[in-house]
Engineer: 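There's a structure below that I have some questions on.
Residue numbers begin at 1 in each chain, while the letters A, B, ... track the order of the sequences. This is a predicted model, so every value here is computed, not measured.
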Amino acid sequence: MKFVVLTKAAVPLSSAIRIDPKTGTLIREGVPLSVNQWDRDAVEFALKLRDKYGGEVIAISMAPPSGIPALESLIGMGVDRAILATDRAFAGADTWATSFVLAKTIEKYVPDYTLVIAGEETIDSTTAHVGAQVASHLNIPYVYYVYDAEIHGNKVRVRRFLEDEGVDEFYEMDLPALISVAKGTQMPREISLLRKINARDRIMQATNKELGLDPECVGLKGSPTFVAGQTGATFPPRKRKIFAGDPRESVKALVEELKKEGLL
Amino acid sequence: MPCRLWPPVNKEEYKGVWVYLEHDGAKLKDVALELLGKARDLASKRGNAPVGGVLIAGTDEMAQEAIYHGADEVVIVVNPELKVYTPYEYANAIAKVVAKYKPEIFLIGATKRGRELAAFVANTLTTGITADCTALEVDPKTGDLLQIRPTFGGTQMATIRTPHRRPQMASVRPGVFPKPPRDPNRKGKIIHETVELNSRKTAFLGAEKRIEHDIADLPPIESSDVVVAGGRGLGSADGFKLLAELAKLLNGTVGASLMAVRAGWAPHTRQVGQTGKTIRPKLYIAVGISGAVQHMMGIQEAKYIVAINSDPNAPIVQNSDYAVIGDYKQIVPLLIEEIKRAKGIIQQ
Ligand SMILES: Cc1cc2nc3c(=O)[nH]c(=O)nc-3n(C[C@H](O)[C@H](O)[C@H](O)COP(=O)(O)OP(=O)(O)OC[C@H]3O[C@@H](n4cnc5c(N)ncnc54)[C@H](O)[C@@H]3O)c2cc1C
Ligand SMILES: Nc1ncnc2c1ncn2[C@@H]1O[C@H](COP(=O)(O)O)[C@@H](O)[C@H]1O
């Protein structure tokens, strides 16, 4: 069985971000990238399935070459091999163009995949789009927020928690299929340094020379949406009345204000 | 030449603002009504274009409610194959209806299911989509939809456009836009459609109610005028009992920061913020919450913010209307007492 896990080499939130003034997109080159935190849940999930059913876990990522260390750490976790789709032409992609490259990479390099496993969302884009879009490009069924799965013949049964309704739901899909793994539901295993040291041999890079995609369908050009402007988030101004000192006096002053504003 | 996989689009053919009408089997979700309100507003800026709704496996009563809240036409998909929700089949069905009616703008509520469906629908229609918009506007120059969303952990706001593809799609979290008033005199058209499924690839096997143990028997945070929220500063689950007492006194409810949820003191359904819920109460009281941007994202539209924090330098202090500096264990009981006095529950 072949378990394809989609992992993004994301810009950690702690790093200073730089935005390309021309395209309004995040500059990822030259920024140390690390595996999107929630994709570790997806990787752990994939490894557990492989350990149970046998086969291979293949991580696929679209990123600039600075995404390689992130893939090395996944090999260190136990991923069998990784494919980095990387090309200058892929830069500035929105979720359509990202998922297009990922789907084409799967089709070309793992055509006999069993299950595609995505994270719930990325920390730097938080769209939760890419999983469903990959499923759409591949025309396969999908279920999000999964935290348990069993394979029965050519079907997969999944369990997911649907938080809005407070229910666990059970679905069965024809394989191949795609799931996204609910964030924080797995206990990602430790990275083995020994495995990581030899990781390079297990990472393949695919540029658009290999993938052969229409340059108009990838990167910024292949993105139906584009960022027209970006500003720092601002919050509406507040009154900022601060009551410090004697607690009882402070509370009395607060209650007076609340009464004045008709809030009590 | 644009990507050859994208069929050419004649923008003139696309008219109106449509909304996906999610329901729970009995009634429409609030977010669907909120979106209808926004759809009307956007439609008025597009030459009073029609507002429509897509309802799968819904009833005429639901469609009627949508009309009372601003829809001009509602398409009910009546295929018996679509009685129960499955993502792949629903997404395909929604895309088929949208492709047929060709709205210029199509909005989806970013509930868990909505998030699951939205991007697949967009891809099937070979168009773009922006997730979790907090504002939607019409560009007066081009007439394009301006899709405004927080990015990068809520530190940036991006304005996104879909200039060449139609429909222009966006998802919006519940609670971001106000629910429009219900007008039982509004008239509209209800259309029944059967949509052919090419193939079924998913089966629903069943559901199990999870018993989440909640803080107290209190209403949900999305629908309360007063929310008293606790953070890591509470130090324990017990702190939430005190907050529940204050909340009840104010006819409100209890919310929580991510850290309080992580600590297991409150269920995730009560989390306020970027990865929790966006709320717009009249009064928000943040107790032992530092006020990180991701938290503040969820309460930008609160009318009044009160902070109770022991640290005068906590960011929330500068981002609130009133801040009381002190230990909440001392402040909250005093506040309960003073409010009781103000309400005449206890005498001077
Ligand atoms: C991608 C991303 C998404 C996120 N989404 C969310 C989100 O949706 N919601 C959210 O809340 N956070 C979110 N966060 C986390 C956010 O950045 C903060 O870490 C979090 O909000 C902090 O929670 P807190 O204020 O409870 O804890 P802390 O930051 O630890 O603050 C505790 C506060 O309590 C005060 N305090 C301590 N003791 C007392 C006392 N006895 N009396 C009174 N005050 C006291 C302290 O002075 C301090 O200000 C997100 C982070 C990331 C990276
Ligand atoms: N550039 C990428 N390369 C590989 N996988 C990705 C990429 N971007 C997103 N994904 C996958 O899609 C999921 C959802 O991402 P997003 O839509 O950005 O929130 C992630 O958790 C990953 O599994």
Side-chain angles (χ1 to χ4, degrees), chain A residues 13 17 24 94-96 124 127-129 132-133 135-137 141-145 157 161-164 166-174 214 216-217 222-233 235-236 238-244 247-248 250-252 254-255 257 259 261 263-264, chain B residues 1-5 86-88 111-112 115-116 119-120 123-124 127-128 130-131 150 152-162 165 201-210 212 268-269 283 296 300 304-305 312 317-326 330-331 334-335 338-339 342-343:
Chain A
L13 285 182
I17 58 160
D94 74 355
T95 60
W96 192 95
D124 53 353
T127 70
H129 281 174
Q133 284 171 311
S136 161
H137 285 301
Y142 69 106
V143 170
Y144 269 17
Y145 324 117
R157 278 188 202 152
F161 179 52
L162 194 67
E163 181 209 304
D164 302 339
V167 295
D168 272 272
E169 295 184 325
F170 303 86
Y171 292 95
E172 185 176 78
M173 292 184 283
D174 294 347
D214 179 351
E216 299 295 326
C217 301
S223 297
T225 65
F226 86 101
V227 184
Q230 190 120 340
T231 53
F235 298 111
R238 297 281 169 186
K239 294 187 201 297
R240 295 191 188 171
K241 290 195 185 164
I242 299 165
F243 308 112
R248 188 174 285 275
S250 297
V251 166
K252 277 199 166 135
L254 171 65
V255 170
E257 294 284 350
K259 269 204 290 204
E261 303 294 340
L263 293 164
L264 290 181
Chain B
M1 214 186 52
C3 173
R4 264 168 290 158
L5 296 168
T86 54
Y88 173 80
T111 59
K112 290 280 169 178
R115 280 171 84 81
E116 182 171 52
F120 194 103
N123 248 47
T124 308
T127 189
T130 302
F152 214 69
T155 56
Q156 301 280 314
M157 295 299 288
T159 300
I160 292 162
R161 288 169 188 265
T162 313
R165 309 299 303 166
K201 296 187 178 190
T202 323
F204 174 67
L205 301 179
E208 229 170 56
K209 188 91 192 152
R210 224 191 239 200
E212 274 242 43
H268 182 64
T269 46
L283 176 61
M296 301 308 287
Q300 277 201 67
Y304 294 92
I305 297 177
V317 173
Q318 291 304 319
N319 283 312
S320 57
D321 296 290
Y322 312 105
V324 178
I325 308 303
Q330 202 178 2
I331 303 293
L334 282 172
L335 184 58
E338 276 307 315
I339 292 173
K343 288 182 172 241

Engineer: B/R161 versus chain A, heavy atoms under 4.5 Å apart: side chain, backbone, both or neither?
Structural biologist: both
Engineer: Less than 4.5 Å apart, side chain to side chain, heavy atoms only: is that true for A/E261 and B/Y322?
Structural biologist: yes
Engineer: A/E172, A/M173, A/K259: which one forms the most heavy-atom pairs within less than 4.5 Å of chain B?
Structural biologist: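 Sorted descending by pairs with chain B, the first entry is A/E172.
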Engineer: Kindly give the heavy-atom pair with the smallest separation between A/W96 and B/C3, and that separation in Å.
Structural biologist: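 In this case the closest contact between A/W96 and B/C3 is CH2-SG, 4.2 Å.
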Engineer: Please list, chain by chain and in numerical order, all residues satisfying side-chain contact (heavy atoms from CB on, under 4.5 Å) with B/P87, sequence neighbours excluded.
Structural biologist: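 Counting only residues at least two positions away or on another chain, B/P87 forms a side-chain contact (heavy atoms from CB on, under 4.5 Å) with A/Y142, A/V143, A/Y171, B/Y85, B/E116.
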Engineer: Could you tell me which of B/K343, B/R165, B/M296 has the largest number of non-hydrogen atom pairs under 4.5 Å with chain A?
Structural biologist: B/M296
Engineer: Can B/K112 be said to sit on top of A/Y145's aromatic six-ring, NZ or CZ under 6.0 Å from centre and within 45° of the ring axis?
Structural biologist: yes
Engineer: A/R238 and B/N319: which non-hydrogen atoms are nearest, and at how many Å?
Structural biologist: CG-O, 3.3 Å
Engineer: Under a 4.5 Å cutoff for heavy-atom pairs, which residue among B/L335, B/T159, B/I339, B/I331 has the most contacts with chain A?
Structural biologist: B/T159
Engineer: Would A/D214 and B/R4 count as a salt bridge (Lys or Arg N to Asp or Glu O under 4.0 Å) here? Give the steps.
Structural biologist: CA-CA 8 Å; A/D214 179 351; B/R4 264 168 290 158; 3.2 Å; yes
Engineer: Let me know if B/T86 has heavy atoms under 4.5 Å from chain A in its side chain, its backbone, both or neither.
Structural biologist: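 It is both, since atoms from each part get that close.
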Engineer: Top residue by heavy-atom pair count (under 4.5 Å) with chain B, among A/H137, A/K252, A/H129, A/E169?
Structural biologist: A/H129
Engineer: Name the option with the most non-hydrogen atom pairs under 4.5 Å to chain B; the candidates are A/A228, A/P224, A/C217.
Structural biologist: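 Sorted descending by pairs with chain B, the first entry is A/P224.
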Engineer: Identify which part of B/T202 has an atom lying under 4.5 Å from any heavy atom of chain A, answering side chain, backbone, both or neither.
Structural biologist: both
Engineer: Applying side-chain hydrogen bond (donor to acceptor under 3.5 Å, both in side chains), can you list everything that pairs with A/D168, at least two apart in sequence or on another chain?
Structural biologist: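 A/D168: side-chain hydrogen bond (donor to acceptor under 3.5 Å, both in side chains) contacts with A/Y147, A/R159, B/R210.
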Engineer: Within a strict 4.5 Å, meaning less than it, do heavy atoms of the A/L263 and B/Y304 side chains meet?
Structural biologist: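 A/L263 vs B/Y304: side chains touch.
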Engineer: With rounding to the nearest 0.5 Å, note down the distance linking CZ in A/R240 to CD in B/Q318.
Structural biologist: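 With rounding to 0.5 Å, CZ (A/R240) is 5.0 Å from CD (B/Q318).
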Engineer: Keeping the roles fixed (side chain from B/D321, backbone from A/K239), state whether a donor-acceptor pair exists under 3.5 Å.
Structural biologist: yes
Engineer: Among A/A132, A/S223, A/S136, single out the residue with the greatest number of heavy-atom pairs under 4.5 Å to chain B.
Structural biologist: A/S136
Engineer: When you compare the side chain of B/H268 with that of A/E163, does any pair of heavy atoms fall below 4.5 Å?
Structural biologist: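 Yes, close enough: below the 4.5 Å cut-off.
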Engineer: To check you understand the geometry: which heavy-atom pair defines the closest contact between A/L264 and B/A342, and what is its length?
Structural biologist: CD1-CB, 4.3 Å
Engineer: For A/L254, is it the side chain, the backbone, both, or neither that has a heavy atom closer than 4.5 Å to a heavy atom of chain B?
Structural biologist: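 A/L254 touches chain B through side-chain heavy atoms alone.
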Engineer: Of all of A/A244, A/P247, A/S250, which one pairs up most often with chain B through heavy atoms under 4.5 Å apart?
Structural biologist: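 Most heavy-atom pairs under 4.5 Å with chain B: A/P247.
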